[in-house]
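Take a look at the structure below.
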Amino acid sequence: MSEAAVKAPLAAASSGDANRWKALVFIALAQLMVVLDATIVNIALPSAQTDLGISDGNRQWVVTAYALAFGGLLLFGGRIADLWGRKRAFVIGLTGFAGASALGGAATSGAMMFGARALQGVFGAMLAPAALSLLAVMFTDAKERAKAFGIYGAIAGGGGAVGFILGGVLTEYLDWRWTFFVNIPFAIVAALGAYFVIREPEGGRNRSPLDIPGVVLSTLGLVSLVYGFTRAESDGWGDTVTVSLFVASAVLLVAFVFTETRVKAPLLPLRVVTDRNRGGIYLSLGIAIIAMFGTFLFLTYYLQVVKGYSPINTGFAFLPMIFGMMVGSTQIGTRLMTRVPARLLMGPGFLIASVGMLLMTQLEIGSSYAATILPAMLLLGLGMGTAFMPAMSLATLGVEPRDAGVASAMVNTSQQVGGAIGTALLNTIAASATTAYIKDHIVTATSKSQQQLVKLEGQVHGYTNAIWFAVGMLVLAAVIVVTFVNAGRQDSTPVASGDGVEDEVPVPVVAH
């Protein structure tokens, strides 16, 4: 092919999507809505439980129904995006999510609430991978990609903490129902903007027949895995149903992998996960999220139960972490991603976050927010922001356009499964340490006030024990990154696209 013939499509590719930065606004808005929803409802849960008459035994389903649908259907949602087109899947996901949110806000019974949350999970599983894969196929210049994924990474990492603030404000000053209704304007604006602004590149769809056995096996396997960890938190790791769920999950997922090696058009082409860079990214992200989700939960309880913070003040206490994430993602990660290998951002990022976690292991009942929690949150946010940004970009870098949806879904799946594991595992560690502490110290407490003090000390002791485990998880994530991720800085190189036209897409320069 002549030089002029190569340059022509390259110029068209670089200028053909002049609205890509406008599109980023609406993609980021949708991502913010999904991430917010993961935490905003938790703040409103006590009020919703009282109004709807949900029993203590069933209240977990407000969270679990969403987690099961979202986590179980992510791979299917990513494949639908590849099949239908990312823009169409994105708009349908937003519209469905808005409808499910309206249903949740209008709920008159526990069953109606659980159904609405499950529907949110279904449409979220279509929306999340479509959003990430749109970024992957629209931003192909290395420097532009760095900026776009910097913004996306900051939102993905910090949006959950923003949910605590917004949830507290809406619940305290309006009504718990507004934690659902607030999604509707987000979704409408994002859907309209996406419909009129996004121009998805041609030739990137995967029109192969849908892998039905793969859909069934992956969905049931992931649902069993997520529900197993959810049950472990409430019923114990030795519970018969819990163990059965883990065994079923292992069998189903092994059968899924075997099926994917046999079918002509697999749901998850194994080339997506067997690449050492992407595999290392998925694994390290999942492990880091284990540490992060558990810590969010412990800090919320510590600030509200031990320190007596209101829901709003608790939300604002997370602001330093959001600030750190934004700096790490948009300033450090974005500026250095095209200059240094990803592992030199991700590895140190996870280690910086582990130092922040290490500070939190020093928590006591009388710990000062300014002296202990503030610097810990800044370091945690800075480290995670620096690590998340190149991770999000590299997880979809170099994949064939027809695989962009499932590659993006794997990022979300590793985060979702990591969150379920983190909440259950760290809660179990904390509860065991708290019980042991109280048992050892309650005998010396002679008055009610002393007994109450011992119980609070026991809670903090449990939190710090679990946070030590989280420190280890972040160090392990750093080790995995250094071991597996060998991609160098991300350069722009012309490669052949799926439609036979040479497009400019970034490929990793492998460091030898």
Side-chain angles (χ1 to χ4, degrees), residues 38-47 49 63 158 160-173 176 179 233 291-325 353-382 384 422-423 426-438 440-442 445 447-471:
T39 53
I40 194 172
V41 174
N42 290 346
I43 298 291
L45 184 53
S47 301
Q49 180 184 354
V63 176
V162 176
F164 287 119
I165 301 173
L166 193 55
V169 170
L170 293 174
T171 303
E172 194 159 325
Y173 292 114
W176 65 265
T179 60
E233 183 183 356
M292 203 168 173
F293 265 57
T295 307
F296 273 179
L297 191 66
F298 296 142
L299 274 178
T300 302
Y301 277 110
Y302 174 80
L303 292 170
Q304 291 194 31
V305 177
V306 178
K307 304 296 284 185
Y309 282 32
S310 68
I312 292 178
N313 287 338
T314 300
F316 278 105
F318 279 92
L319 279 178
M321 186 175 66
I322 299 171
F323 174 76
M325 280 187 171
S354 73
V355 173
M357 287 283 191
L358 198 61
L359 287 177
M360 290 187 203
T361 63
Q362 308 305 306
L363 284 177
E364 297 176 351
I365 288 181
S367 292
S368 162
Y369 175 84
T372 305
I373 300 174
L374 176 61
M377 283 194 171
L378 280 171
L379 287 171
L380 179 61
L382 189 67
M384 294 302 274
T423 303
L426 269 65
N427 254 354
T428 304
I429 294 170
S432 299
T434 295
T435 301
Y437 184 92
I438 292 174
D440 290 343
H441 293 79
I442 198 73
S447 64
K448 284 187 176 181
S449 61
Q450 288 178 323
Q451 290 175 354
Q452 183 64 29
L453 181 62
V454 167
K455 288 178 180 178
L456 286 176
E457 288 174 342
Q459 285 187 39
V460 177
H461 177 74
Y463 300 156
T464 54
N465 268 262
I467 292 171
W468 270 110
F469 184 84
V471 172

Please examine the side chains of [Y] and [X], heavy atoms only from C-beta on, and report whether any two atoms are closer than 4.5 Å.
X: Leu378; Y: Met321; answer: no
X: Tyr463; Y: Leu363; answer: no
X: Asn465; Y: Tyr437; answer: no
X: Leu303; Y: Ile373; answer: yes
X: Ile429; Y: Trp468; answer: no

Please report the closest heavy-atom contact between [X] and [Y], naming both atoms and the distance.
X: Ala291; Y: Ala470; value: CB-O, 3.5 Å
X: Ala433; Y: His461; value: O-CD2, 3.5 Å
X: Ala376; Y: Gly356; value: CB-O, 3.3 Å

Candidates Leu380, Thr464, Leu379, Val471 - the one meeting side-chain contact (heavy atoms from CB on, under 4.5 Å) with Met360: Leu380
Side chain to side chain donor-acceptor pair (under 3.5 Å) contacts touching residues 367-376 (sequence neighbours left out): none
How many angstroms lie between atom [atom1] of [X] and atom [atom2] of [Y], to the nearest 0.5 angstrom?
X: Leu359; Y: Ser354; atom1: CG; atom2: OG; answer: 10.0 Å
X: Leu426; Y: Phe298; atom1: CG; atom2: CZ; answer: 4.5 Å
X: Met325; Y: Met384; atom1: CE; atom2: CE; answer: 6.0 Å
X: Lys307; Y: Leu456; atom1: NZ; atom2: CG; answer: 11.0 Å

Flag, side chain of Asn313 to backbone of Tyr309, donor-acceptor distance under 3.5 Å: no
Polar side-chain atom of Tyr302 near backbone of Glu364 as donor-acceptor pair, under 3.5 Å: yes
Whether over 12 other heavy atoms sit under 6.0 Å from Lys455 NZ: no
Ile365 and Leu453: CA distance, side-chain angles, deciding distance, side chain to side chain contact (heavy atoms under 4.5 Å, CB included) verdict: CA-CA 9 Å; Ile365 288 181; Leu453 181 62; 3.7 Å; yes
